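Please read the structure below before turning to the comments.
Residue numbers begin at 1 in each chain, while the letters A, B, ... track the order of the sequences. Keep in mind that this is a model prediction, so the values were computed, not measured.
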2 protein chains.
Amino acid sequence: MTELLKHNILKHITLSTKELENFCILFNQKDVKKKQFLMREGEVCKFEGFVNKGLFRVFHIDSNGFEQVLYFAQENWWITDIDSFTNETPSQLYIQALEDSEVLLISKKDKEFAYINIPKIEKLFRIMTQKTHIALQQRMIDNLSKTADQRYIDFIEKYPNLFQRLTNLQIAAYLGISHEFLSKIRRKIASK
Amino acid sequence: MTELLKHNILKHITLSTKELENFCILFNQKDVKKKQFLMREGEVCKFEGFVNKGLFRVFHIDSNGFEQVLYFAQENWWITDIDSFTNETPSQLYIQALEDSEVLLISKKDKEFAYINIPKIEKLFRIMTQKTHIALQQRMIDNLSKTADQRYIDFIEKYPNLFQRLTNLQIAAYLGISHEFLSKIRRKIASK
DNA sequence: TCAAAACATTGAACAAGTTCAATAAATAAA
DNA sequence: TTTATTTATTGAACTTGTTCAATGTTTTGA
């Protein structure tokens with residue numbers, strides 16, 4: 001049940017079998033059917049989650065009712081609203097399964113417990129947060145400097161697997177453009 | 001010399017006077033005159049820096065020669081290219097002083113040394129990375145969902161101090177718009 | 001298996017933002 | 001203080017992306 005999680009952790013830090021076991025035991029599995037929400041806007045995010053199976057989208061709904069995707073999380077990815085989880089403030093995000101999924105959840109209390117009792121867990125989350133930050137920083141640069149066409153092409157190259165599992169609606173919401181415009185980009189690319 | 005740094009650290013974690021001293025001793029002061037570069041594209045970022053005095057911009061130059069500002073760092077802020085520093089890869093960023101400035105720099109080796117010898121430093125950087133990540137995530141959402149007018153108004157409200165110290169050219173490069181368009185936004189706002 | 005719902009495409013009119021060139025204003029340097 | 005340089009403003013033409021409405025296609029669920 002936690003094989004994928006264990007493998008994921010050992011990619012970042014080294015832990016003894018015992019430490020690894022003690023940490024993984026803090027996670028609870030939750031099954032989430034397609035279209036179900038793991039969290040909604042206004043709630044305080046009570047968990048940090050590891051995707052064992054399936055696919056999620058983390059998104060925001062703006063004042064005009066448009067959805068923006070902050071990120072997608074498939075197998076082996078982590079999901080949370082780090083702002084809401086860390087500061088215990090109401091979230092402005094929704095987390096929704098796009099396929100029938102399984103997540104392993106750890107509560108804030110259990111995570112704090114791990115920080116204290118398994119010091120290397122501090123390093124684990126330091127490294128993981130660094131990595132997600134680096135990825136977001138790269139996306140920020142791309143969003144500031146590239147045209148929508150190029151961002152779409154980059155997305156396909158970078159996440160060929162996600163590309164296959166997502167609708168154009170979802171991809172457009174990630175790229176920050178309307179799905180109609182994405183459709184026109186696709187036509188333009190296809191005609192080359 | 002390191003008063004501001006010490007104060008900044010103690011806002012995030014608690015350290016004994018001894019630990020704090022042992023950590024701060026690892027930093028070296030560097031003076032950077034206005035317009036001088038602390039780092040250029042292509043270099044591997046060898047430091048993590050704390051701004052003691054002055055103001056920096058961290059920016060990227062895209063394939064069309066346009067500059068995008070990833071962030072500004074004034075007194076009490078940290079600067080680095082976390083990607084280049086962490087992975088020891090050539091940076092795609094420039095770090096430049098916008099005023100005569102002073103930074104306290106720590107090398108990668110000394111930072112690793114601190115991680116090992118002062119365990120709470122791991123927590124310090126975990127928390128700091130979390131905070132910058134939360135801020136960037138918020139900016140990403142705003143960039144995806146808000147119009148340039150609104151982003152400009154938000155910027156002034158959020159960073160009234162930075163707003164006063166920056167030219168419109170710099171602000172436009174942060175908002176991701178041309179400075180001519182920013183000028184038109186300003187006229188529109190002023191005429192209300 | 002068939003109807004409903006969700007998704008994708010298209011065109012036309014529109015809005016947001018860029019580009020270029022010219023000019024004015026402010027700052028820095030000699 | 002004068003000149004050179006950088007910054008800010010403006011308008012006109014242009015490009016990128018949006019909106020809306022209509023139509024076709026695919027997926028889903030009863």
Side-chain angles (χ1 to χ4, degrees), chain A residues 33-37 54-55 57 59 61-69 72 96-101 142-156 162-192, chain B residues 33-36 54-55 57 59 61-69 72 96-100 142-156 162-192:
Chain A
K33 289 265 169 243
K34 183 171 178 173
K35 295 194 183 177
Q36 275 186 353
F37 288 86
L55 176 59
R57 64 171 177 146
F59 68 106
I61 300 185
D62 70 23
S63 52
N64 300 313
F66 289 104
E67 299 177 356
Q68 288 91 33
V69 171
F72 299 107
Q96 185 188 32
L98 292 174
E99 302 174 359
D100 292 349
S101 304
D142 289 350
N143 264 273
L144 288 172
S145 62
K146 292 177 178 172
T147 175
D149 302 44
Q150 198 52 55
R151 296 204 307 274
Y152 177 64
I153 293 167
D154 289 356
F155 182 85
I156 296 173
L162 273 183
F163 167 66
Q164 302 217 26
R165 293 165 87 174
L166 293 168
T167 64
N168 290 336
L169 248 98
Q170 297 305 333
I171 295 174
Y174 179 88
L175 298 176
I177 55 176
S178 67
H179 71 279
E180 293 96 330
F181 189 55
L182 177 54
S183 193
K184 284 158 196 171
I185 289 173
R186 285 162 53 79
R187 176 175 44 170
K188 205 175 78 183
I189 291 172
S191 76
K192 279 180 187 165
Chain B
K33 289 265 169 243
K34 184 171 177 174
K35 294 194 183 177
Q36 274 188 355
L55 176 58
R57 64 171 178 148
F59 68 105
I61 300 184
D62 70 24
S63 51
N64 299 315
F66 290 104
E67 299 177 356
Q68 288 88 33
V69 172
F72 299 107
Q96 186 188 32
L98 293 175
E99 302 173 0
D100 292 350
D142 289 350
N143 264 271
L144 289 171
S145 62
K146 292 176 177 170
T147 175
D149 303 42
Q150 197 52 55
R151 297 205 307 276
Y152 177 63
I153 293 166
D154 289 357
F155 182 84
I156 297 173
L162 274 182
F163 166 67
Q164 302 217 26
R165 292 166 85 174
L166 294 168
T167 64
N168 290 336
L169 246 99
Q170 297 306 333
I171 295 174
Y174 179 88
L175 298 176
I177 57 176
S178 67
H179 71 279
E180 293 96 331
F181 189 55
L182 176 54
S183 194
K184 284 158 197 171
I185 289 172
R186 286 161 53 78
R187 176 175 44 169
K188 206 174 77 183
I189 290 172
S191 76
K192 279 180 187 164

Using whole Å, what does the distance between atom [atom2] of nucleotide [N] and atom [atom1] of [X] come to?
{"X": "A:I189", "N": "C:dT9", "atom1": "CD1", "atom2": "C1'", "answer": "15 Å"}
{"X": "B:N64", "N": "C:dT19", "atom1": "CG", "atom2": "P", "answer": "8 Å"}
{"X": "A:N168", "N": "C:dT10", "atom1": "CG", "atom2": "C1'", "answer": "14 Å"}
{"X": "B:R165", "N": "C:dT27", "atom1": "CZ", "atom2": "P", "answer": "16 Å"}
{"X": "A:Q96", "N": "C:dA6", "atom1": "CD", "atom2": "P", "answer": "12 Å"}
{"X": "A:Q170", "N": "C:dC7", "atom1": "CD", "atom2": "C1'", "answer": "11 Å"}

My understanding is that only residues two or more places apart in sequence, or in another chain, count here; which of them pass side-chain contact (heavy atoms from CB on, under 4.5 Å) with [X]?
{"X": "B:N143", "result": "A:M140, A:L144, B:R139, B:R151"}
{"X": "A:T167", "result": "A:L169, A:Q170"}
{"X": "A:D100", "result": "A:K33, A:K34"}
{"X": "A:F37", "result": "A:R40, A:F59, A:Y94, A:Q96"}

Q. Of the non-hydrogen atoms in A:I177 and A:I185, which two are nearest, and what is the gap between them?
A.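 So the minimum-distance heavy-atom pair works out to CD1-CD1, 3.9 Å.
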Q | Smallest separation among heavy atoms of A:L182 and A:N168, with atom names | A |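 In this case the closest contact between A:L182 and A:N168 is CD2-O, 3.2 Å.
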Between N or O atoms, less than 3.5 Å apart, protein on one side and nucleotides 28-30 of chain C on the other: list the pairs.
unit_1 : atom_1 : unit_2 : atom_2 : d
C:dA28 : OP1    : B:K34  : NZ     : 3.4

(Q) Are the side chains of A:L55 and A:L162 in contact, using a 4.5 Å heavy-atom criterion? (A) yes
Restricting to nitrogen or oxygen on both sides, can you table the protein-nucleotides 21-25 of chain C pairs closer than 3.5 Å?
none

**Q.** Residue list, side-chain hydrogen bond (donor to acceptor under 3.5 Å, both in side chains) with A:E180, at least two apart or on another chain
**A.**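 side-chain hydrogen bond (donor to acceptor under 3.5 Å, both in side chains) list for A:E180, sorted by chain: empty.
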If you restrict it to nitrogen or oxygen atoms, what contacts under 3.5 Å exist between nucleotides 12-16 of chain C and the protein, and what is each distance?
unit_1 : atom_1 : unit_2 : atom_2 : d
C:dA12 : N6     : A:K184 : NZ     : 3.1

Q: Identify, between B:L169 and A:I185, the residue whose nearest nucleotide on DNA chain D lies closer to the 5' end.
A: B:L169
Q. If only atom types and distance count, is the side chain of B:S178 paired as donor or acceptor with the main-chain N or O of B:F181 below 3.5 Å?
A.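 Checked: pair present.
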Q | Flag, side chain of A:D62 to backbone of A:N64, donor-acceptor distance under 3.5 Å | A | yes
Q | Pair listing, salt bridge (Lys or Arg N to Asp or Glu O under 4.0 Å) test, anchored in residues 165-175 of chain A, at least two apart | A | A:E75-A:R165, A:E99-A:R165
Q: Using five base pairs at each end, measure the axis-to-axis angle across the helix from C:dT1-D:dA30 to C:dA30-D:dT1 and round it to 10 degrees.
A: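 End-to-end axis angle for the helix from C:dT1-D:dA30 to C:dA30-D:dT1: 60°, rounded to 10°.
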**Q.** Short side-chain N/O contact to C:dT10 OP1/OP2 from A:R187, under 4.0 Å
**A.**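 So the side chain of A:R187 is within the cut-off, an N or O lying under 4.0 Å from OP1 or OP2 of C:dT10.
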Q. When all nucleic acid strands are considered with a 4.0 Å heavy-atom cut-off, which category describes A:T167: base, sugar-phosphate, or nothing?
A.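 It contacts sugar-phosphate atoms only.
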Q | Where chain B begins and ends its contact with DNA chain D, read 5' to 3' at 4.0 Å from heavy atoms | A | D:dT7 to D:dA12
Q) What distance separates B:I153 CD1 from B:K146 NZ, expressed to the nearest 0.5 Å? A)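 The NZ atom of B:K146 is 10.0 Å from CD1 of B:I153, to the nearest 0.5 Å.
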**Q.** Nearest-0.5 Å distance, OG1 of residue A:T147 to CG of residue A:D142
**A.**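 Rounded to the nearest 0.5 Å, the OG1-CG separation comes out at 12.0 Å.
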Q. Among all residues two or more places apart in sequence or in another chain, which pass the ring-ring contact (aromatic ring centres under 6.0 Å, His included) test with A:Y174?
A.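 In terms of ring-ring contact (aromatic ring centres under 6.0 Å, His included), with neighbours along the sequence ignored, A:Y174 is linked to A:F72, A:F155.
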